[in-house]
Amino acid sequence: MEVLPKKFYERDPAKVAKDLLGKLLVRKINQTQLIGRIVETEAYYGKEDPASRAVLGRPKYCVKFLYDVPGKVLIYNVHKYWLFNVVAHQPKKAGAVLIRAIEPIKGIEIMKRFRKVKNLKELTNGPGKLTQALQITKELNGSFVTQSNSPIFIIKGKKVNFKISKSKRIGVSKDLPQKLRFFILGNEWVSK
DNA sequence: AGGAAGATCTACT
DNA sequence: GTAGATCTTCCTA
């Protein structure tokens, strides 16, 4: 199991978001491991990005986080759901990557119990859904996905071939002109 | 206490 | 598919 190093996250958020596709997200609960393959991400920048949480009027703790150490986990609540982000940016910049969807790999039965849903495709095909399936809550805030002893981390996994596609971000009222949402083309768990 | 939120679900045309 | 209601959870005052 090869954990992605901090250096991986010390780059342009859009690059990190794109490169995270196909990687494995590992959630450790006691001795159990839940694993999902990352199939959809979005990049967010600093205050030059109107959709970013670094802009004025957003909670301060989020702003601070965006400037924090790359590889750190940022979790916040939207409506009644949790969203899972990883801090990613170049030195002295701000940014993060939002994990929007994963493909369940291991611990599927456990995920189903957490989500209370019958359809496998509905298990983790959205940012609020995957946090439910993996029991991701505020408690994981501040962990590092770069450490294999943290309750959640990201590993390289097997090399698999796939096509990457991109689009504009979802649910964002004031978006940047660039396309900052990345996903694996044709994957069943990509949200719509 | 209040307000705001990067979503989800349900129930329809 | 798409629109509308949802009514939780946290931070800041």
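Below, chains carry the letters A, B, ... as their sequence lines are ordered, and counting in each starts from 1.
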Peer 1: Report the distance from atom CZ of R58(A) to atom C1' of dC10(C), rounded to the nearest whole Å.
Peer 2: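 In whole Å, dC10(C) C1' lies 14 Å from R58(A) CZ.
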Peer 1: Decide side-chain contact (heavy atoms from CB on, under 4.5 Å) for L34(A) and F114(A); before the verdict, give the C-alpha distance in whole Å, the side-chain angles of both, and the deciding distance to 0.1 Å.
Peer 2: CA-CA 12 Å; L34(A) 304 177; F114(A) 289 147; 4.2 Å; yes
Peer 1: State whether Y76(A) and R53(A) meet the cation-pi test: NZ (Lys) or CZ (Arg) under 6.0 Å from the six-membered ring centroid, and within 45° of the perpendicular axis.
Peer 2: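 Geometry flag: set, cation within 6.0 Å and 45°.
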Peer 1: If you apply the rule side-chain contact (heavy atoms from CB on, under 4.5 Å), what do you find for V87(A) with F65(A), and how did you get there?
Peer 2: CA-CA 7 Å; V87(A) 178; F65(A) 246 108; 4.1 Å; yes
Peer 1: R181(A) has an atom CZ; how far is it from atom C1' of dA7(B), in whole Å?
Peer 2: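 Those two atoms, CZ and C1', are 14 Å apart.
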Peer 1: Any base atoms under 4.0 Å from R115(A), or only sugar-phosphate, or nothing? Heavy atoms, all strands.
Peer 2: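 Result for R115(A) = sugar-phosphate.
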Peer 1: When you measure from the side chain of E122(A) to the backbone of V117(A), do you find a donor-acceptor pair of N or O atoms at a distance under 3.5 Å?
Peer 2: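 No; judged by distance alone, with no hydrogens or angles, the pair does not exist.
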Peer 1: Does anything in residues 118-131 of chain A reach DNA chain B, meaning a heavy atom under 4.0 Å, and if so which residues?
Peer 2: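 Within this stretch, G126(A), P127(A), G128(A), K129(A) sit under 4.0 Å of the strand.
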Peer 1: May I ask you to say what K60(A) touches in the nucleic acid, namely base, sugar-phosphate or nothing, with a heavy-atom cut-off under 4.0 Å?
Peer 2: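 Touches sugar-phosphate only.
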Peer 1: Using side-chain contact (heavy atoms from CB on, under 4.5 Å), reason through Y9(A) and V69(A) one step at a time and then give a plain yes or no.
Peer 2: CA-CA 9 Å; Y9(A) 302 95; V69(A) 189; over 6 Å; no
Peer 1: Using modelled atom types and a 3.5 Å cut-off, is there a donor and acceptor pairing between side-chain atoms of T131(A) and backbone atoms of W82(A)?
Peer 2: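 Yes; judged by distance alone, with no hydrogens or angles, the pair exists.
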Peer 1: Between P on dA7(B) and CD on E40(A), what's the gap in Å once rounded to a whole number?
Peer 2: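 After rounding, the reported distance stands at 11 Å.
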Peer 1: Between atom NZ in K116(A) and atom P in dC9(B), what is the gap in whole Å?
Peer 2: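 Rounded to the whole Å, the gap is 12 Å.
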Peer 1: Evaluate E40(A) against F182(A) for side-chain contact (heavy atoms from CB on, under 4.5 Å), listing each step before the verdict.
Peer 2: CA-CA 6 Å; E40(A) 183 182 353; F182(A) 303 90; over 6 Å; no
Peer 1: Which parts of residues 63-89 of chain A get close to DNA chain C, meaning a heavy atom less than 4.0 angstrom away?
Peer 2: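 When residues 63-89 of chain A is checked for heavy atoms under 4.0 Å from DNA chain C, the hits, listed by number, are N77(A), H79(A), K80(A), W82(A).
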Peer 1: Please write out each protein N/O paired with an N/O of nucleotides 10-13 of chain B under 3.5 Å, distance rounded to 0.1 Å.
Peer 2:
none

Peer 1: Using atom types as modelled and distance alone, determine if a side-chain donor or acceptor of N30(A) lies under 3.5 Å from a backbone N or O of T32(A).
Peer 2: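 Side chain of N30(A) to backbone of T32(A): no pair is present.
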Peer 1: Using salt bridge (Lys or Arg N to Asp or Glu O under 4.0 Å), reason through E42(A) and R169(A) one step at a time and then give a plain yes or no.
Peer 2: CA-CA 7 Å; E42(A) 277 180 10; R169(A) 292 176 293 191; 5.2 Å; no
Peer 1: How does the hydrophobic cluster around L176(A) look, that is, which other residues are in it when side-chain heavy atoms under 4.5 Å mark a link?
Peer 2: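 Same cluster as L176(A): Y45(A), L180(A).
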Peer 1: Keeping W189(A) on the side-chain end and L120(A) on the backbone end, is there a donor-acceptor pair under 3.5 Å?
Peer 2: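 Yes: the side chain of W189(A) pairs with the backbone of L120(A).
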Peer 1: Side-chain heavy atoms under 4.5 Å apart, restricted to Ile/Leu/Val/Met/Phe/Trp/Tyr: what other residues fall into the cluster of I170(A), or is it alone?
Peer 2: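 For I170(A), no cluster forms, as it stays isolated from other hydrophobic side chains.
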Peer 1: Would you say dA5(B) has OP1 or OP2 under 4.0 Å from some side-chain N or O of R53(A)?
Peer 2: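 No, outside the criterion.
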Peer 1: When V39(A) is tested against each of I99(A), V190(A), T124(A), L185(A) for side-chain contact (heavy atoms from CB on, under 4.5 Å), which residue passes?
Peer 2: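 Answer after filtering I99(A), V190(A), T124(A), L185(A): V190(A).
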Peer 1: Given Watson-Crick or G-U pairs with both distances under 3.5 Å, what dot-bracket string fits DNA chain C, with | for other-strand pairs and [ ] for crossing?
Peer 2: ||||||.|||||.
